[in-house]
Amino acid sequence: MDILQGLNQQQKQAVETVDGPLLIVAGPGSGKTRVITHRIAYLIAVCGLSPYRILAVTFTNKAAREMRERLRTLMGLTGENVNAGTFHAFCSSVLRQEYDTAKIDRSFVIYDQGDQIDLMKRVLEIEGIETKQFAPRFVLSAISSAKSQLIDAELFGEQSTSYVDKIIHRAYLRYQELLTRHSALDFDDLLLRTYLLFRDNKHVLEKYQSRYLHLLVDEFQDTNLVQYSIAQQITEAHKNICVVGDPDQSIYSWRNADMGNILSFRDTYPNATIIRLEENYRSTKTILAAAQSVITANSQRIERDLHTENPTGKRVVIHESYNPEEEAQHLLREVDRLRKEDHYKLDDIAVMYRVNAQSRAVEEGCLKYGIPYQLIGGLRFYQRKEIKDIICYLRVIQNPYDDISLLRIINLPTRGIGQRTLDQLVYISQSKGVPIYTAIQMACQEATSPPGYPLFTSRSIGSMTKFLDIINKLIKEAEHNSPYDIIEMVLDRTGFRAYINLDNEQGGDRLDNLLELQSTAFEFQYTSPQESLSAFLESVALVSDIDSIDEKKESIKLITLHQAKGLEFPVVFMIGLEEGMIPHFRSLDDPEQIEEERRLFYVGMTRAMQRLYLTRAFRRSFRGGTEPGDPSRFLADVPQDLTSGLTNPFEHAILPTTRESGFDDERAVNMTHESFVAGEKVSHTSFGEGIVVSYTPPEITIAFKGEAGIKRLLLNIAPLEKIK
DNA sequence: CTTTCGGGATTTTTT
DNA sequence: ATCCCGAAAG
């Protein structure tokens with residue numbers, strides 16, 4: 001059977017075990033994706049299952065897309081019919097389908113984090129909750145956590161005893177009320193409402209149970225309770241549930257993921273088959289051993305034996321720079337060398353960091369040295385102001401009761417509906433319990449305001465009537481136009497295009513972004529315009545940045561460690577490996593969070609196939625100022641016999657050392673040096689001549705003649721020479 | 001009603 | 001440093 005060809009013993013077993021619950025514990029690089037796709041192919045080709053009867057849940061849309069592609073190469077077009085997607089996408093489609101039973105507005109919109117915060121601010125205002133104590137984010141995260149654990153607003157109330165919980169309960173109730181009024185769902189609602197739908201409507205559940213005879217869940221260590229519960233609901237009858245995961249790569253607990261799901265799987269299904277994939281096909285022996293040394297320092301884990309037949313490979317390079325700029329410069333110099341001497345392509349190389357802000361120095365370096373790069377995430381495309389604005393117009397067109405979107409665009413570009421008018425609208429909306437859109441209609445219809453209600457000036461009535469007119473016309477047009485054309489109409493009719501053009505500084509970029517959005521919309525042409533628009537908006541809400549990673553060829557990839565999960569690269573640079581960055585400040589006081597940070601570090605290391613660079617900067621700017629940083633504690637767990645570069649990152653190399661990495665030769669010259677005295681003349685390879693201001697090992701302060709001005713440098717790496 | 005200016009808070013990671 | 005929000009000027 002050729003589907004089994006080229007698979008090792010465990011992999012074969014995983015593919016052939018088709019009946020009943022199956023847990024695959026897959027180490028990094030153990031051919032997990034391969035097993036999943038081959039298993040699906042096996043179910044179809046050997047067991048004769050229709051692809052429609054298989055549901056595969058992945059962590060990102062990209063993973064789903066890749067799965068479908070692999071299936072196609074494996075078995076042709078039949079493979080395309082497997083339903084593969086994220087939990088959120090699956091749930092969204094279920095709710096869209098079962099809106100009636102689920103009691104959800106058919107044209108519901110999905111609120112992202114920004115919308116949620118806007119909404120929560122209103123909630124707190126209405127409830128008179130002090131935002132100093134109860135920050136919108138804080139309340140939202142409590143609600144999100146509750147929803148992830150199957151706790152709806154009512155249940156939350158029953159369980160809340162503390163003062164804080166009682167306040168959050170109030171906010172929770174009001175938050176849900178407003179969401180419903182706006183016909184909106186947040187990310188967690190997609191999951192929770194689907195769970196509740198299945199729980200309370202047996203006939204609906206049965207429909208899905210009988211359709212999907214097999215369920216696969218990838219990245220199981222990063223699922224939360226609702227997700228796991230939905231998976232259980234669907235497979236309740238036949239128990240054909242296959243989950244794949246790696247507890248060592250669990251890095252989303254902050255999103256309420258619970259790696260305990262892996263452990264409880266065995267309790268829930270005592271007869272589950274458990275298969276371990278422990279042969280690594282990705283990394284060199286050195287990289288795997290280094291990663292293994294880092295992860296074994298965690299206390300909450302199960303010991304296991306990862307191994308590889310791959311060659312030993314090069315040592316892991318550890319390097320220390322003075323500041324992020326130098327770190328980037330050094331990295332790019334090495335990228336250049338890898339390309340010229342070792343014949344790597346730019347696509348082979350990834351730069352990984354803990355927080356998005358760290359990409360900046362690398363980005364600037366890339367621009368300076370002309371190295372093409374692709375930045376993933378950061379200011380997310382769909383969060384950019386102009387994009388979000390247009391999205392909100394589209395959402396209002398689809399569902400005018402969505403207050404959050406409506407309030408965002410009601411005076412954009414400015415059309416004379418100011419704060420005062422807005423206040424009055426909100427007042428009407430609040431006192432009558434109707435959406436803003438309805439409030440505007442009321443205001444415009446009634447020639448005279450009824451007693452007890454706010455008086456609008458004739459001017460503001462005029463402005464509102466105009467606005468209402470534009471929106472209503474757009475809603476009409478949307479009935480028989482594609483998303484692409486609707487965007488065009490929005491840009492023209494609302495004066496948004498002119499508004500963008502006003503800003504000539506960034507106007508060009510913004511227009512480009514809008515055109516990009518429009519071209520994305522072009523692909524959405526379904527059976528009806530309404531469906532097309534709602535499919536487009538849904539995809540906008542549910543795509544992740546990582547989904548677009550391959551778009552720009554021949555470039556190095558700049559990604560966060562979280563985004564790197566599931567990816568692999570021949571060459572990996574992990575930068576900014578300092579205490580405070582990784583482990584991050586906010587996890588410092590919680591041992592469990594530190595363990596998660598370590599897993600994050602481990603995930604990064606195990607992305608590397610052939611080369612791994614671990615770099616850090618001595619000084620890092622923070623809130624304007626600049627502060628020294630200690631090396632990340634995780635670096636200490638990389639065995640020295642596997643590394644080159646600084647043999648011991650914890651000792652600043654003031655003492656003469658020999659360096660093996662060799663890519664810093666010109667600097668190595670300065671590894672041995674006498675002390676400096678204030679007033680001495682020195683020369684620096686990039687800053688030119690200067691005079692020593694002070695000398696406090698390991699730092700030296702120099703006043704340069706040129707533009708560089710006064711600099712504080714790290715002595716052991718600064719390319720300095722004394723001038724007589 | 002709109003724009004601009006200054007003070008204050010602020011950032012982990014993302015479906 | 002940068003962004004967001006509220007207050008005062010235009």
Side-chain angles (χ1 to χ4, degrees), chain A residues 57-64 85-92 110-114 116-118 121 131-132 135-137 140-141 144 147-148 185-192 219 222-224 226-227 250-257 352-360 376-380 382-383 385 410-423 456-457 459-460 462-463 499 502 538-547 559-565 576 580-588 590 593-594 596-597 599-601 603-604 620-626:
Chain A
V57 182
T58 55
F59 196 70
T60 61
N61 297 298
K62 176 183 189 288
T86 62
F87 263 113
H88 290 88
F90 170 73
C91 290
S92 178
I110 299 168
Y111 275 2
D112 66 19
Q113 186 175 257
Q116 290 183 56
I117 289 176
D118 286 348
K121 281 181 188 160
T131 52
K132 282 260 165 17
R137 280 170 193 279
L140 280 169
S141 86
S144 168
K147 286 180 179 176
S148 309
L185 298 184
D186 67 17
F187 285 125
D188 301 300
D189 283 338
L190 292 175
L191 305 172
L192 183 59
E219 306 286 6
D222 285 321
T223 55
N224 60 32
V226 203
Q227 294 171 325
S250 158
I251 52 176
Y252 281 89
S253 73
W254 50 273
R255 220 170 71 186
N256 307 306
M352 303 178 186
Y353 36 80
R354 177 66 234 266
V355 302
N356 282 304
Q358 288 173 277
S359 68
R360 202 166 143 175
I376 312 293
L379 311 174
R380 286 200 265 302
Y382 291 110
Q383 320 249 82
K385 191 181 174 307
I410 192 166
N411 203 28
L412 198 107
T414 50
R415 48 172 73 89
I417 304 180
Q419 197 53 54
R420 204 167 157 67
T421 312
L422 239 42
D423 286 345
F456 290 100
T457 61
R459 202 170 131 183
S460 66
S463 303
Y499 165 74
L502 275 183
E538 175 173 311
S539 97
V540 163
L542 297 180
V543 289
S544 62
D545 296 302
I546 200 75
D547 295 337
I559 55 179
T560 66
L561 289 164
H562 282 89
Q563 293 168 330
K565 190 175 72 158
M581 298 306 295
I582 182 166
H584 194 268
F585 296 112
R586 302 218 195 304
S587 33
L588 252 30
D590 179 354
Q593 283 191 53
I594 300 260
E596 178 148 320
E597 297 283 309
R599 290 194 291 272
L600 194 53
F601 200 97
V603 165
R620 186 157 296 274
S621 49
F622 182 72
R623 292 241 236 286
T626 164

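Quick note on labels: first sequence line is chain A, next is B, and so on, each numbered from 1.
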Write down the atom of [X], the atom of [Y], and the distance for their closest heavy-atom approach.
X: A:K147; Y: A:D188; answer: CD-CB, 3.6 Å
X: A:V603; Y: A:L561; answer: CG1-O, 4.2 Å
X: A:G576; Y: A:R620; answer: CA-NH2, 3.4 Å
X: A:R415; Y: A:N411; answer: N-OD1, 2.7 Å

- Query: Just by modelled atom types, is the A:Y111 backbone N or O under 3.5 Å from a matching donor or acceptor in the A:D186 side chain?
  - Reply: no
Gap between atoms [atom1] and [atom2], on [X] and [N] respectively (whole Å):
X: A:D189; N: B:dT15; atom1: CG; atom2: P; answer: 18 Å
X: A:H562; N: B:dT13; atom1: NE2; atom2: P; answer: 9 Å
X: A:K132; N: C:dG6; atom1: NZ; atom2: C1'; answer: 12 Å
X: A:Q419; N: C:dA7; atom1: CD; atom2: P; answer: 11 Å
X: A:I559; N: B:dT14; atom1: CD1; atom2: C1'; answer: 14 Å
X: A:K565; N: B:dT15; atom1: NZ; atom2: P; answer: 10 Å
X: A:I110; N: B:dT14; atom1: CD1; atom2: C1'; answer: 15 Å
X: A:Y382; N: B:dT15; atom1: OH; atom2: P; answer: 12 Å

For a quick test of reading the model: is some side-chain N or O of [X] closer than 4.0 Å to OP1 or OP2 of [N]?
X: A:S460; N: B:dC1; answer: no
X: A:N411; N: B:dT2; answer: yes
X: A:K121; N: C:dC5; answer: yes
X: A:R137; N: B:dT14; answer: no
X: A:N61; N: B:dT15; answer: no
X: A:N356; N: B:dT14; answer: yes
X: A:T414; N: B:dC1; answer: no
X: A:Q113; N: B:dT14; answer: no

Counting the atoms with a prime plus P, OP1 and OP2 as sugar-phosphate, which does [X] contact under 4.0 Å by heavy atoms, base, sugar-phosphate, or nothing?
X: A:I417; answer: sugar-phosphate
X: A:T60; answer: nothing
X: A:Q358; answer: nothing
X: A:R415; answer: sugar-phosphate

- Check every atom of C:dT2, B:dT14, B:dT11 against the side chain of A:R586 and return the nucleotide holding the closest atom.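 Output: B:dT11.
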- Item | Proximal nucleotide (of B:dC1, B:dT15, B:dT14) relative to the A:R459 side chain |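 The answer is B:dC1, which lies nearest to the side chain.
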- Task: Pick the C1' atom in C:dG6 and in B:dT11, then give their distance to the nearest Å.
- Result: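 Rounded to whole Å, the distance is 22 Å.
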- Near-parallel close stack of A:F59 and B:dT15 base (under 5.5 Å, under 30°):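 The ring of A:F59 is not stacked on B:dT15.
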- Task: Let me know, please, whether A:T560 or A:L422 comes out on the 5' side of the other along DNA chain B by nearest nucleotide.
- Result: A:L422
- Sorted by position of nearest nucleotide on DNA chain B, 5' first, the leading residue of A:I251 and A:G418 is A:G418
- Query: For the side chain to side chain donor-acceptor pair (under 3.5 Å) test, which of A:R255, A:Q227, A:K565 pairs with A:D222?
  - Reply: A:K565
